Amino acid sequence: MADIEIKNGDQIFHIDIKANGNHGTAAPISFSGSTLDWYKLTETSRHVLSLAISGSIQEQLNEMQKLNPDEKRIHDLEQITINISKINRDPKNFKSKEKMMEIIKSYSNLNFDEQGA
C-alpha cells in the first residue's frame with residue numbers, strides 16, 4: 001500500500017516515500033533524496049495545490065450563478081483560495097519532504113460539494 005493515495009477523477013496516483021524503492025504499486029513516486037525524486041515531490045505538491053485552487057474557484061463560480069447564491073459559502077471558498085495560494089507562493093513549503101507530504105495529504109482530496117467547502 002502507498003503512503004499517500006491521490007484521487008483525481010478516475011485517476012489514482014500512489015505515492016511512496018521510502019528511502020529504497022517502492023512496493024510495486026501503480027504509478028509510484030518514491031523518494032530516495034535524489035534531485036529527480038525531490039522534483040517529483042515538489043511538482044506533486046504544487047499540482048495538488050493547483051487542483052485545490054481551481055476546484056475552489058469553480059465552486060465559487062457555480063455558486064454565483066445560482067438564483068440565490070449563498071454569500072457565506074462564496075466567502076468561505078474565497079478564503080480557501082486565498083489560503084492555498086499563500087501556501088503555494090511560500091518557497092519554505094517546498095524545502096522539506098515532511099512539509100510537502102503534509103500539503104499532499106491535506107489538499108489532495110478536497111471535495112467541494114453543495115454542503116460546503
Side-chain angles (χ1 to χ4, degrees):
M1 176 147 224
D3 293 331
I4 295 177
E5 184 175 277
I6 299 174
K7 297 176 185 174
N8 183 14
D10 291 336
Q11 292 182 315
I12 298 175
F13 299 94
H14 301 279
I15 300 175
D16 288 326
I17 304 300
K18 304 289 179 204
N20 296 312
N22 60 58
H23 301 287
T25 58
I29 298 174
S30 59
F31 184 79
S32 65
S34 75
T35 303
L36 181 57
D37 285 342
W38 192 265
Y39 173 78
K40 289 189 284 187
L41 188 57
T42 303
E43 289 304 306
T44 301
S45 302
R46 290 192 181 278
H47 181 69
V48 164
L49 291 172
S50 293
L51 288 174
I53 290 169
S54 63
S56 178
I57 291 170
Q58 184 61 53
E59 285 301 311
Q60 289 174 53
L61 293 172
N62 291 346
E63 190 65 37
M64 286 188 258
Q65 291 176 353
K66 293 179 178 178
L67 290 176
N68 296 310
D70 182 343
E71 294 299 324
K72 182 185 180 325
R73 184 160 193 270
I74 292 170
H75 175 73
D76 291 346
L77 289 163
E78 287 172 346
Q79 291 306 305
I80 289 170
T81 302
I82 289 167
N83 291 337
I84 295 172
S85 295
K86 286 179 185 177
I87 292 167
N88 199 26
R89 286 191 311 267
D90 187 350
K92 289 183 276 184
N93 291 319
F94 305 97
K95 289 187 178 181
S96 87
K97 173 184 85 170
E98 292 76 19
K99 185 64 179 171
M100 289 187 279
M101 292 300 299
E102 182 183 322
I103 288 169
I104 293 167
K105 285 180 183 178
S106 298
Y107 297 100
S108 63
N109 292 313
L110 280 184
N111 185 20
F112 299 101
D113 57 24
E114 294 303 315
Q115 272 57 29

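Quick caveat: nothing in here was measured; it's all calculated off a predicted structure.
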Open item on the list: Can you pull out every side chain to side chain donor-acceptor pair (under 3.5 Å) where at least one residue sits in residues 78-88? Sequence neighbours excluded, please.
Closed with: Arg46-Asn88, Ser56-Thr81, Gln60-Thr81
TODO: Apply side-chain contact (heavy atoms from CB on, under 4.5 Å) to Gln65 and list each qualifying residue two or more places apart in sequence or on a separate chain.
DONE: none
Task: CD1-CG distance between Ile74 and Leu61, expressed to the nearest 0.5 angstrom - done: 9.5 Å
- [ ] Look up atom CD in Glu59 and atom OG in Ser54, then write down how far apart they are to the nearest 0.5 Å.
- [x] 10.5 Å
Task: Nearest heavy atoms of Ala52 and Tyr107, plus distance in Å - done: CB-O, 4.3 Å
- [ ] Quick one: pull up CE in Met101 and OG in Ser106 and give me the separation to the nearest 0.5 Å.
- [x] 10.5 Å
Task: Considering all heavy atoms, the nearest Asn93-Met100 contact - done: O-CG, 3.5 Å
TODO: Tell me, please, which residues at least two apart from Lys99 pass salt bridge (Lys or Arg N to Asp or Glu O under 4.0 Å).
DONE: Glu102
Task: Nearest atoms (heavy-atom pairs only) where Glu63 meets Asn68 - done: OE2-O, 4.4 Å
Open item on the list: Assigning hydrophobic clusters by single linkage (Ile, Leu, Val, Met, Phe, Trp, Tyr; side-chain heavy-atom cutoff under 4.5 Å), is Met64 placed with Ile82?
Closed with: no
Open item on the list: Among residues at least two apart in sequence or on other chains, which ones pass salt bridge (Lys or Arg N to Asp or Glu O under 4.0 Å) with Lys72?
Closed with: Asp76
Open item on the list: Rounded to the nearest 0.5 Å, what separates atom CD1 in Ile87 from atom CD1 in Ile103?
Closed with: 6.5 Å
